[in-house]
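I have placed the structure first, in the form of structure tokens, so that the comments after it can refer back to it.
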Amino acid sequence: MNDRDLLNLAVEAAENAYVPYSHFPVGAALECEDGTVFTGCNVENCAYGQAICAERTAVCKAVSEGYRAFRRIAIAGQGDSYCVPCGACRQVLAEFNYDMEILAGRKDGRYISCKLSELMPRAFLPEDLNG
Ligand code: THU
């Protein structure tokens, strides 16, 4: 699947976003090493801090279905700037693949791509628990 196809899945996923507070729908499409894609949207709550981002929704869907090897994630936001993952989502993504490719999209459909390790240098990773 090419970048544009994955981004389109993220755009579609944003249609289900539950965003009564921010009015900022986000969709994510997480591609596994075998090509399987899990999508997610942001899910907010009246206790604002309990909002779950689209990226973490997608990761939880994938992991709960037995998938852990991820190679790319596309994120579709509706802002004028590219929708890069928040700090909490960077940490959750890094748990599974610090080298993951991130496609961050914005309202006009343009996107940038980079590695998670570039967005989050010197991360605390699972291997840091050893020794
Ligand atoms: N949000 C995401 O779902 N993903 C991001 O990458 C950035 C922010 C959500 C959280 C909240 O529901 C809304 O966007 C505004 O911050």
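Both ligands and their constituent atoms are indexed starting at 1 by order of listing.
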Taking only heavy atoms of [X], which atoms of ligand 1 are found under 4.0 Å from at least one of them?
X: E55; answer: 2 (C), 3 (O), 4 (N), 5 (C), 6 (O)
X: V26; answer: 1 (N), 2 (C), 3 (O), 4 (N), 14 (O)
X: S22; answer: 13 (C), 15 (C)
X: P85; answer: 6 (O)
X: C53; answer: 1 (N), 2 (C), 3 (O), 4 (N), 10 (C)
X: N42; answer: 3 (O), 9 (C), 11 (C), 12 (O), 13 (C), 14 (O)
X: E44; answer: 11 (C), 12 (O), 13 (C)

May I ask you to decide if [Y]'s main-chain N or O and [X]'s side chain share a donor-acceptor pair within less than 3.5 Å?
X: E118; Y: K115; value: yes
X: D128; Y: L125; value: yes
X: T36; Y: C32; value: no

Query raised in the report: So, T39 and E12: side-chain donor and acceptor under 3.5 Å apart, yes or no?
Result: no

For [atom], which protein heavy atom lies nearest, and how many Å away is it?
atom: atom 3 (O) of ligand 1; answer: A54 N, 2.9 Å
atom: atom 7 (C) of ligand 1; answer: C83 SG, 4.0 Å
atom: atom 16 (O) of ligand 1; answer: F24 CD2, 4.8 Å

Report task. Please state whether V84 comes within less than 4.0 angstrom of ligand 1, counting heavy atoms only. Result -> yes

Report task. Please state whether C89 comes within less than 4.0 angstrom of ligand 1, counting heavy atoms only. Result -> no

Query raised in the report: So, do T57 and F38 sit near enough that their side-chain heavy atoms are less than 4.5 Å apart?
Result: no

Report summary line: For M100 and R71, the nearest pair of non-hydrogen atoms, with its separation, is CG-O, 3.6 Å

Query - Closest non-hydrogen atom pair, C53 against C86 - result: SG-SG, 3.9 Å

Query - atom 14 (O) of ligand 1: any protein heavy atom closer than 4.0 Å - result: yes

Query raised in the report: Can you tell me how far the CZ atom of F124 sits from the CD atom of E95, to the nearest 0.5 Å?
Result: 9.5 Å

Report task. Report the C-alpha distance between D3 and R72 in whole Å, list the side-chain angles of each, state the deciding distance to 0.1 Å, and finish with yes or no for salt bridge (charged side-chain N to carboxylate O under 4.0 Å, His left out). Result -> CA-CA 9 Å; D3 286 0; R72 271 192 307 176; 2.6 Å; yes

